Each structure stands twice: as C-alpha cells, then as structure tokens.
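A short worksheet on the structure shown next.
Because the structure is a prediction, the values reported are computed rather than measured. A, B, ... follow the sequence lines: proteins, then strands. Residue 1 opens every chain.
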Number of protein chains: 2
Amino acid sequence: MSDKHSPLQNHLINALPAEDQARLIPLLEWVPMTLGQVLYESGDTLRHVYFPTNSIVSLLYVTESGASAEISVVGNEGIVGVALFMGGESTTNRAIVQSAGHAYRLPGKYFKNELNQHGQLMILMLRYTQALLTQMAQTSVCNRHHRIDQQLCRWLLLSLDRLMSNELVMTHELIANMLGVRREGVTDAASKLQKLGVIEYHRGHITVLDRPKLEELCCECYAVVKQETDRLLPYVPKQPVK
Amino acid sequence: MSDKHSPLQNHLINALPAEDQARLIPLLEWVPMTLGQVLYESGDTLRHVYFPTNSIVSLLYVTESGASAEISVVGNEGIVGVALFMGGESTTNRAIVQSAGHAYRLPGKYFKNELNQHGQLMILMLRYTQALLTQMAQTSVCNRHHRIDQQLCRWLLLSLDRLMSNELVMTHELIANMLGVRREGVTDAASKLQKLGVIEYHRGHITVLDRPKLEELCCECYAVVKQETDRLLPYVPKQPVK
DNA sequence: GCTTCTGTGTACGCTAACGAACATTGGCGT
DNA sequence: ACGCCAATGTTCGTTAGCGTACACAGAAGC
C-alpha cells in the first residue's frame, strides 16, 4: 500500500469548503484499521468519529441469541459515529472493521464543536445520514424478500464501491455473519457465482471478474442505495488521489 | 372521537420550549388522516412534514415486483418527512396512513425556516432521527432472524404504543403488507395468539387482551426500539391530554 | 331478503434456508 | 518437512414460509 494518504480520500471531508477543511484537517488523526477491530459496541459512549479512507466498517446488530446482521456499510463515502452528532452519544449497534486499511479519526468534542459553529459540516452530515437511512431501509427489504445469492451480489457491490481494487479479503464465514445467514449458504451462493465466472475466490480472497454481470444478478437493492447516495452526496474529487 | 385536539399530543411538539411552541403552533394545520392515504410516494418532493397525534403512519418500501415491507412506524412520538430537514427533499419510501386519525401539518419551507433559526427544534429532530435509525436497524434484524408470529407481536406492540386504545382497526391482509409476508402467514400467527388468549380479532378489528403476555411472546426487537426511543426522547407531558 | 364482496380459515405441494455433521484441502508456523 | 488449523465442500433431514386454490361466513348494498 502506498504511503500517500490524505483526508480528502474521504468523500465527506472532500466535499467540505476549503476553509472548513483547513480548520478540520489539523484535528484529524490518521489511524490504522485492522480487520475485525471493534470501533464501538452497542451502548458504548462514542469517543471519536471515523472518516474511513481505504477501510470499510460494518455496522451490525447482535441479537440476544448471538446471531448477527449487518445494518449498513461505511467506507470512504461516509463517517462512522453519526450518533455523536445526532445527540444520542451511543447506538444499539456494533461498528466493526470489515476491510483493513486506514481512517481519519476525530475526537467527539472537536467534532461537535465544529458542527455547532459551521453550517456546512452539519449539512453534509445530515445528507449522509439520509443516505444511511436509505441503506438501512433497503437492507431491511432485502432481508425480507431476496435470496442469499442476490444479497451476496449486493454485498459484494457495496464493498467493491468502497475499495480501489476488485479483490476482497474476506471469508465466507465473515460474509455469513454480515448477511446474518449460515456460512454454508454463502458458500453455495459464492460457488454458484464462481461457476458463472462472475467471481473467483480462494481461501479468504474473493476477486470480482465480471462486475456488470454481478449487477445483473443482483436484486434492485444495490442500485437503489447507490443512486440515492449519489443523489444526496455527489462526489467531485477536489484533489486527484495520487 | 373527541374534538379535543392539541399539537401537544405530539411528543416532539410537546418537547419544545414554550417560546418555540408559540412560534410553531400557529403555522400548523390540523388535518385528517384517512386509512390508506398516501402522504408521499418514493421519489416525491416532500411538501409538508406531519406530526401525527392519534394517527399512525407507516414508511414502507415497494419492490420492483410489487412486494412491500415496512421500514418503520411513526405515530405521535415522531414526525413524517425527515428527508425535508435532512436535505434530501425526497426518499425512496412511501408514507401511508396505517391507522386513521389526525395530524398537524407544516409546509416544508416554514419547517426549514424554523430549523435554521432555532436550535432546539433541530436538536429534537436529530434525536428523533436517531430513534428512527434504531427502529430501521431493528426491523432489518427482525426480518432476518425472527418468526412471523414474533414479528406480529412486535408490530402489534409498536402500534399499541401509538394509540390510546387496545383495539386496532386492521385486517390480516394489511398487516401482511406491512410485514412483507403472506396474508395466510399473518392469519396463522394471529390465530395462534388468539388461541393463547393474548388477542381477539374479528373481521378487521384486533383487540389486545393481554399485553404483558404479548411482550413475552415477542422477540427482543420491540424492547430494543422502545428503550432506545425512550432514552433519546423521554416523554414528559407538558399539558395533560384531556 | 337477496346478492355480493371482503375477511378469514384451511389444505397441498414446493422451495429456501437451517442445523448438524463430517470430508477435504491449502497455507502457515515451527 | 511436518502437523495443524482455518477455509471450503458436501450431505441429510427438518422447518418456516411461499404460492395456489378454495371454502366459508359476516357485512354491506340493493
């Protein structure tokens, strides 16, 4: 991985006016995000917000019986810790790193301070939150109506969008935890996709070979989320990522 | 139905400081909400926000194939149309009246005006939105992991909390649309609950006889949402509802 | 009183996904 | 080079929920 890193790799930071960036960026801390790392647990008081750059974070809920389900995914398009600016200080979810990389971290009090003083950050946060609402709603619908293989397609596409490469470091077991299904169910779906030549996988590595085909096999849920996110938060890079 | 009605029956309005109420209340329009009425469709530009008093509104998503699923429920604890203050102006959901009654309606421009000028309304909206996020997340989990009869219990409890009475005017068919399952599935679950003496129903009317038992039979999802909503938006009536 | 329609009950076969158990294999540590 | 374990493959019986079809009864309209 290149040592070139910049907060602007995060789309929300990127979307801020220059003067807001100038104030905010010095407060940010560049931190590694390791696979499986838990940023916060259900009920924890949040200490920081995270702006992922090349990492992916899953928000998931763990039931009393230990089963889990992914509520939404956050990558460089978003921020982890919306509860801090929503005023709740905690959520009922767990935030866990789904794909290793880095993020920029900001202590909660600085974040809230910025929010209160400058409107642009707040506006952006609100729009992002609406995108998050859309994603959650769609996850809910997908859980109800679509088959595992369709959901796997959705999940792969959401992950791809948040990575630079077409390879995911991810086991069937972990995907199963995210989707809230059995590992065997994921294996079945993945092997089906592999037979179709859409993906190729091997012991914890999944490579997407044919993205158009993947979108074809997917249910509508991916497109709905993607379109709405693009509408709410159009991405215009202010500085080319070197 | 009594002709006694007041915007304070809505918990969000009720929670505002007196001076904010004084400004806001004259702008509100008291409107009837009829069963099945669609407040907005997916993609519509929202014109108003609604503060339900004794009505209940479902936010639901309709898939390409025509299947539906309820994303969340809004009653007198909340507001319909968060997209207006989130900045998106529209959502991918449909808002439909699930239980007839009334609401107070506010044109979008007044609403946004109020938001920008006075912090207290914004703070309240943010907290409510977090409660909504929680509800959506939990619906998603419930769709994945819990049986229809448990989900029916959750749905009944969520509805009860938003009504004064223990009787719902609601057919199995409509509940099925909300839960995103077959009508027969709801009939099975409901008949099971009736045999247990928890509810009693008859051609479009459901009466809850034993609420504690209903909570017992329910999955954790109801309690999680309830607890988090109470935490985020504690309800302290400022004027007893006559 | 009659018809008609809406809401509910019930039965049948079917499928997706589950739970559990076990086989196989590749990669990693020592 | 070896052994071990994590990752994947496969099977089998079970179950929840689906799609369909149809029966029945109460309510509403004429």
So what does B:Gly204 touch, heavy atoms closer than 4.0 Å: a base, only the sugar-phosphate, or nothing?
-> sugar-phosphate

Should the pair B:Asp161-B:Arg211 be classified as a salt bridge under the 4.0 Å nitrogen-to-oxygen rule?
-> yes

State plainly whether the residues A:Lys226 and A:Asp230 are in salt-bridge range, i.e. N to O under 4.0 Å.
->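 Between A:Asp230 and A:Lys226 there is a salt bridge, with a charged N closer than 4.0 Å to a carboxylate O.
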
Between B:His11 and B:Tyr128, ring centroids under 6.0 Å = no

How about A:Tyr40 and A:His48: are their ring centres within less than 6.0 Å of each other?
-> no

Which nucleotide sits closest to the side chain of A:Arg203: C:dG9, C:dT10, C:dG26?
-> C:dG26

Residue A:Glu184, side-chain atoms from C-beta onward, closest of C:dG26, C:dA21, C:dT8 = C:dA21

Roughly how many Å is it from [atom1] in [X] to [atom2] in [N], rounded to a whole number?
X	N	atom1	atom2	answer
B:His145	C:dC18	NE2	P	9 Å
B:Arg183	C:dT10	CZ	P	11 Å
B:Arg144	C:dC18	CZ	C1'	12 Å
B:Glu173	C:dC5	CD	P	17 Å
B:Ile148	C:dA16	CD1	C1'	14 Å
B:Arg182	C:dG13	CZ	P	15 Å
B:Met170	C:dT6	CE	C1'	15 Å
A:Arg147	C:dA17	CZ	C1'	12 Å

Any side-chain heavy-atom pair of A:Thr91 and A:Tyr61 under 4.5 Å | no

Taking the side chain as every heavy atom from C-beta outward, state whether B:Gln150 and B:Cys142 have any pair of such atoms under 4.5 Å apart.
->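 Answer no - side chains too far apart.
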
Within 6.0 Å of CD in B:Glu41, more than 12 heavy atoms from elsewhere | yes

Please check if atom CD in A:Glu29 has more than 12 non-hydrogen atoms from other residues, nucleotides or ligands closer than 6.0 Å.
->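 Atom CD in A:Glu29 is packed in, count exceeds 12.
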
Can you pull the contact range of chain A along DNA chain D, 5' to 3', using atoms under 4.0 angstrom from its heavy atoms?
->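 Listed 5' to 3', the contact boundaries are D:dA6 to D:dT10.
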
Given DNA chain C, 5'-ward residue of the pair A:Asp149 and A:His202, judged by closest heavy atom = A:Asp149

Where does the angle between the aromatic ring planes of A:Tyr104 and A:Trp30 fall among parallel (under 30°), tilted (30 to 60°) and perpendicular (over 60°)?
-> tilted

If an axis is fit to five pairs at each end of the helix from C:dG1-D:dC30 to C:dT30-D:dA1, what is the angle between the two, to the nearest 10°?
-> 40°

Look at A:His146 and C:dA16 and indicate whether a side-chain polar atom (N or O) is within less than 4.0 Å of OP1 or OP2.
->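 Indeed not, no polar side-chain atom of A:His146 lies that close.
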
OP1, OP2 of C:dG26 versus side-chain N and O of A:Tyr201: anything below 4.0 Å?
->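 No.
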
